[in-house]
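Working notes, beginning with the structure itself.
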Protein chains: 2
Amino acid sequence: MKRARYHHGDLRNALLVATIELVRERGARGFSVSEAARRAGVSITAPYRHFADREAMLAAVALRGFTQLEEVFTSRTEQDPVERLVAIADAYVAFARADPALFEVMFASGIDKESHPDVLARAYRVQELLVDAVGKLTPDDRERRAAEFWSIAHGVAALATEDRLRYLTAEAGSLAGTAVRAWSAGLT
Amino acid sequence: MKRARYHHGDLRNALLVATIELVRERGARGFSVSEAARRAGVSITAPYRHFADREAMLAAVALRGFTQLEEVFTSRTEQDPVERLVAIADAYVAFARADPALFEVMFASGIDKESHPDVLARAYRVQELLVDAVGKLTPDDRERRAAEFWSIAHGVAALATEDRLRYLTAEAGSLAGTAVRAWSAGLT
DNA sequence: GCTTAATGTGTAAGCCTCTAACATTGGAGT
DNA sequence: ACTCCAATGTTAGAGGCTTACACATTAAGC
């Protein structure tokens with residue numbers, strides 16, 4: 001029987017786990033520092049030793065999310081430029097649907113960019129990967145085209161996680177991939 | 001000098017105005033029923049005569065937003081199917097950028113679909129407009145293609161309002177239109 | 001005019017965030 | 001081993017928010 005120790009040992013990490021769990025259960029707005037502390041088995045104010053405020057906890061979760069997303073992208077190694085983009089787009093949507101809560105924290109939890117430049121920087125780094133991948137397809141306007149590409153994938157992911165896509169049933173799948181295919185075919 | 005009357009006269013509307021103002025200033029999370037009441041010049045509990053709870057106020061604002069969006073879409077009357085879609089996509093992004101707060105309430109304020117089916121229904125109705133417009137371009141798979149189209153426009157709008165598009169400067173403009181043009185060209 | 005339903009107020013319970021002072025402990029340096 | 005200190009937790013408390021409930025006021029139909 002493990003006695004409750006004064007020092008938790010791995011509180012910061014435990015709090016982040018509790019945070020994402022809570023967002024899964026109640027949404028980003030339903031998350032509270034108090035409840036996360038309760039779940040980690042510490043007093044309500046203990047989290048403030050590790051995070052400046054409530055938002056900082058969400059920002060830390062978002063940061064992890066972008067790191068994961070980066071890994072998802074770098075793991076796609078298709079040779080054909082189009083197929084690679086299709087795979088990335090579908091992987092992006094799969095990532096969002098696999099953990100909508102994490103996706104919500106990353107993009108829709110109202111984290112302030114000014115107070116958390118690290119999160120924005122990480123998001124930009126992920127964007128760089130897309131610029132590279134898109135550059136293999138069209139050397140012209142890589143940045144702009146990458147923004148278009150990301151928008152397609154992000155649009156599907158955002159609408160899908162919010163259940164706003166009436167005609168997107170589970171089996172329909174690969175909506176992003178199909179859209180990207182059309183888009184890349186249209187880039188003369 | 002107008003005396004403060006017991007009955008406001010147009011409280012519901014005044015509260016909605018205060019709500020969107022507050023979201024503009026502090027984001028959806030920063031909005032509070034108390035502050036909205038304060039601005040409308042009534043007691044903190046008065047809003048509960050008009051709205052079930054805090055979320056209902058945001059839902060009412062979102063509903064208005066979708067109505068506005070519907071008007072924006074129906075006002076595009078370009079003849080050429082492609083040009084019409086390009087115009088709609090750009091109008092969508094312009095709508096989001098003109099009032100990011102409203103866009104946030106509509107899509108990223110965590111309004112529960114179960115408790116506010118009217119908002120979802122209105123969103124679906126807007127989607128119908130897109131299905132029609134896309135149908136003029138490709139009769140095949142209208143619903144699915146419309147979902148792709150909406151995703152493109154929504155992706156640009158969502159990323160732009162969150163300042164996540166590093167390479168999207170103000171003058172760059174029409175990113176959505178360009179993407180839609182490529183996409184429609186690629187639909188053989 | 002009277003009555004009543006609609007609309008607004010006051011009070012209070014129970015949550016939450018975050019600050020400040022105090023308690024405990026693991027480790028670094030001796 | 002011992003001491004001390006920085007890191008990590010706790011307790012107490014201020015102040016804000018949501019929401020229920022009882023009470024006050026008034027607009028509007030009869």
Side-chain angles (χ1 to χ4, degrees), chain A residues 2-62 105 109-112 114-116, chain B residues 2-62 101 104-105 109-112 114-116:
Chain A
K2 189 152 67 168
R3 286 186 37 69
R5 296 180 310 164
Y6 193 95
H7 281 119
H8 182 286
D10 190 26
L11 184 54
R12 193 190 139 90
N13 191 62
L15 285 171
L16 292 184
V17 170
T19 297
I20 185 64
E21 269 179 15
L22 265 169
V23 177
R24 281 196 199 107
E25 293 170 24
R26 314 180 185 177
R29 187 184 151 72
F31 154 74
S32 82
V33 177
S34 309
E35 181 61 24
R38 229 168 275 136
R39 296 200 178 186
V42 293
S43 75
I44 285 176
T45 56
Y48 291 92
R49 292 294 175 195
H50 298 271
F51 302 96
D53 52 24
R54 191 193 113 105
E55 190 177 315
M57 294 181 68
L58 291 172
V61 168
V105 172
S109 64
I111 295 171
D112 185 42
E114 314 286 313
S115 3
H116 297 281
Chain B
K2 189 155 60 171
R3 287 186 38 69
R5 295 181 310 164
Y6 194 95
H7 281 120
H8 183 286
D10 191 26
L11 184 54
R12 193 191 139 91
N13 192 61
L15 285 171
L16 292 184
V17 171
T19 297
I20 185 65
E21 268 179 17
L22 265 169
V23 177
R24 281 195 198 108
E25 293 170 24
R26 315 180 184 176
R29 187 181 152 72
F31 153 74
S32 81
V33 176
S34 310
E35 182 62 23
R38 229 168 274 136
R39 295 200 178 185
V42 293
S43 75
I44 285 176
T45 56
Y48 291 91
R49 292 293 174 195
H50 298 272
F51 302 96
D53 52 24
R54 192 194 112 105
E55 191 177 314
M57 293 181 69
L58 291 172
V61 168
E104 182 185 358
V105 172
S109 63
I111 295 172
D112 184 42
E114 315 285 315
S115 3
H116 298 279

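Just so it is clear: chains get the letters A, B, ... in the order the sequence lines come, proteins before strands, and each one is counted from 1.
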Using the side-chain heavy atoms of [X], tell me which of these nucleotides is nearest: [options].
X	options	value
B/Arg49	D/dT19, D/dT10, C/dT9	C/dT9
A/Ser34	C/dT17, C/dT9, D/dT11	C/dT17
B/Ile44	D/dT18, C/dT17, D/dT11	D/dT18
B/Ser43	D/dT19, D/dG9, C/dG8	C/dG8

Given B/Phe31, which partner from the list B/Glu25, B/Arg54, B/Arg26 fulfils the side-chain contact (heavy atoms from CB on, under 4.5 Å) test? B/Arg54
Rounded distance in Å - [atom1] ([X]) to [atom2] ([N]):
X	N	atom1	atom2	answer
B/Tyr48	C/dT11	OH	C1'	15 Å
A/Arg12	D/dA7	CZ	C1'	15 Å
B/Asp10	D/dA27	CG	C1'	15 Å
A/Phe51	D/dT8	CZ	P	11 Å
B/Arg54	D/dA20	CZ	P	15 Å
A/Leu15	D/dT8	CG	P	12 Å
B/Asn13	C/dT7	CG	P	14 Å
B/Phe31	D/dT18	CZ	P	7 Å

Just so I know, are the side chains of B/Arg12 and B/Phe51 near enough to count as touching, which here means a heavy-atom distance under 4.5 Å?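 Answer yes - side chains close enough.
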Would you check if B/Leu11 and B/Arg49 make a side-chain contact, meaning some heavy-atom pair closer than 4.5 Å?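 B/Leu11 vs B/Arg49: side chains apart.
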Can you work out whether A/Ala46 or A/Arg29 has the more 5'-proximal nearest nucleotide on DNA chain D? A/Ala46
With sugar-phosphate meaning primed atoms plus P, OP1 and OP2, does B/Ser32 contact a base, only sugar-phosphate, or nothing at under 4.0 Å between heavy atoms?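 Contact class for B/Ser32: sugar-phosphate only.
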Name the nucleic acid region contacted by A/Arg38, choosing base, sugar-phosphate or nothing; use a 4.0 angstrom heavy-atom cut-off, strictly under. sugar-phosphate
Looking only at heavy atoms, which two atoms of A/Leu58 and A/Val23 are closest? And how far apart?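 So the two residues come closest at CD2-CG2, 4.3 Å.
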Closest approach of A/Met57 and A/Leu15, non-hydrogen atoms and distance?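 For A/Met57 versus A/Leu15, the nearest heavy atoms are CE-CB, 4.0 Å.
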Respond yes when some side-chain nitrogen or oxygen of B/His50 is under 4.0 Å from OP1 or OP2 of C/dG8, and no when none is. yes
Does A/Glu35 pair with A/Arg38 as a salt bridge, N-O distance under 4.0 Å?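 A salt bridge is present here (some side-chain N lies under 4.0 Å from a carboxylate O).
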At how many degrees, to 10°, do the end axes of the helix from C/dG1-D/dC30 to C/dT30-D/dA1 meet when each uses five pairs? 10°
Does any N or O donor sit under 3.5 Å from an N or O acceptor when you compare the side chain of A/Thr45 with the base of D/dT11? yes
Quick check against the 3.5 Å criterion: does B/Glu104 have a side-chain atom that pairs as donor or acceptor with the backbone of B/Gly27?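 No, because the side chain of B/Glu104 does not come within donor-acceptor range (under 3.5 Å) of the backbone of B/Gly27.
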